[in-house]
Amino acid sequence: MTARAECVALDAADPLRAHRAAFALPDGVVYLDGNSLGALPRATGARLREVIEREWGVGLIRSWNDARWIELPRRVGAKIARLIGADGHEVVCTDSTSLNLFKVLAAALRLQSLHPRGSTAGRRVILSERGNFPTDLYVAQGLTDLLGAGHELRLVDFDEVADAIDDRTAVVMLTHVNFRTGAMHDLAGITRRAHDAGALAIWDLAHSAGALPVALNAASADFAVGCGYKYLNGGPGAPAFVFAAARHLTSLVHEPFAQPLAGWFGHRTPFAFDAGYAPAPSIDRFAVGTPSILALAALDVGVDTVLAAGVEALRAKSVALARQFVELVEAQCAGLGIELASPRDPDRRGSQVCFRHPHAFAVMQALIARGVIGDFREPDILRFGLAPLYVRHVDVWDAAAAVAEVLAKREWQRTEFQRREAVT
Ligand SMILES: Cc1ncc(COP(=O)(O)O)c(C=O)c1O
């Protein structure tokens, strides 16, 4: 088993070690929840003070032009594009992941009704994974109900998706890295399979963007969405992003309501104040209302922390951290009721490692009380996010030791660790 001193040495030799200093992490905390809420970049406070005090306070409404607030959704979107293998003009930051998914799913279904592909017209199946993040499934259910056009959400298990794609499939809608287990789909392979069958592919990159390289255009992905508050460190409730492949922006240009949340920020000329809607002939059509400038400024800083490190280097470190964490937990917790829930193969896993335990909720509360912050996901998952920008090898060592102690001493049995708050 790796000794703690070896971890200290690995951290000293880590090419990314300087990046941790860019974050304001509290002493005595091992933070393994950056897959849920990224840590606070030190630069965020100063940037927000600047936006609040100078741009808003002094510049007032002039700052929409003078401080280029109006361009911020596209500027931050273009930065995120570099992390997900897209072109800068294909990504915009706006709204939440849930809302953006609604927009792109509607657009994809419209594309299918305009240009039915393959042998069967009238494709009606939205194919997804049973264990997908619930909001994705709810959005699909809500849109299907609203359209009233006979669409059907078909759910299959993680490993069954590729084989379930057939000539009834209109859209394959998946989260690249599963929120519970960290299992990662083959984005390029499934997209190819979807296209071969005449379907379109939508990817939710909530657990990928900023943690590992994604190559949307190399895979010819159709649409994608993702969160700003996880590995992109944009802060709680940060704006999300939306990607539409340039070819679809072109082919939908004469379809004003292909993205049905038609709002004035998606209009071709918002400040013409026309009574009729005409969508922007660009990714801007996925914007809806006035962007939240404070939130976008914070996201801008967060995305910069990722760009400064480089996503390839981040992935290499994340794989090393995960391998070590699995090894340390399994070495110390044999016979203590814990079982790896993530794929062992790093190529099939995102940047989180999960274990099953029958009392996972209470175990996680006991860990948090010790300063090791991960989270719990129903029904029995202990989730540890390994955000490689600021998680060190020594953190992983300390976390594994804490897991072993909590289990061996049955600390999780204490009454205070059974109480559930609204957010787990
Ligand atoms: C995979 C995935 N998609 C979507 C969401 C929700 O996004 P939002 O609440 O920003 O709409 C989450 C939240 O954790 C998620 O994990």
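All values derive from a computational prediction rather than experimental measurement. Remember, it's 1-based here, ligands and their atoms both numbered in the order they're listed.
For His19 and Tyr390, the distance between ring centers is not under 6.0 angstrom.
Here the protein heavy atom with the shortest distance to atom 12 (C) of ligand 1 is Phe133 CE2, 3.4 Å. With respect to atom 3 (N) of ligand 1, the closest heavy atom belonging to the protein is Asp204 OD2, 2.6 Å. The protein non-hydrogen atom at the shortest distance from atom 9 (O) of ligand 1 is Tyr229 OH, 3.3 Å. The protein atom (non-hydrogen) at minimum distance from atom 11 (O) of ligand 1 is Ser98 OG, 2.5 Å. When hydrogens are left out, the protein atom nearest atom 14 (O) of ligand 1 is Lys230 NZ, 2.7 Å; that is the closest non-hydrogen contact. Among protein heavy atoms, the minimum distance from atom 16 (O) of ligand 1 is reached at His207 NE2, 2.7 Å.
Ion pairing between a basic and an acidic side chain is recognised when a charged N comes within 4.0 Å of a carboxylate O; Arg383 and Asp375 show such pairing.
Of all atoms in ligand 1, listed by their number and element, those nearer than 4.0 Å to a heavy atom of Thr175 are 1 (C). The contact set between ligand 1 and Ser96, taken as ligand atoms under 4.0 Å from a residue heavy atom, comprises 10 (O), 11 (O). For ligand 1, the atoms sitting less than 4.0 Å from at least one non-hydrogen atom of Asp136 are 3 (N), 4 (C), numbered in the order shown with element in parentheses.
Aromatic ring pairs are classed by plane angle as parallel below 30°, tilted from 30° to 60° and perpendicular above 60°; the pair His267 and Tyr277 is perpendicular. Taking the six-membered ring where the residue is Trp, His357 and Trp412 present perpendicular rings, their angle passing 60° and hence far from 30°.
Heavy atoms only, all atoms of each residue included: Ala107 and Phe286 are closest at CB-CZ, 4.3 Å.
Residues Arg180 and Pro379 form a side-chain contact, since some pair of their non-hydrogen atoms from C-beta on lies under 4.5 Å apart.
A cation-pi arrangement is present between Arg420 and Phe361 under the rule of less than 6.0 angstrom and at most 45 degrees off the ring axis.
Heavy atoms from both the backbone and the side chain of Thr97 come within less than 4.0 Å of ligand 1.
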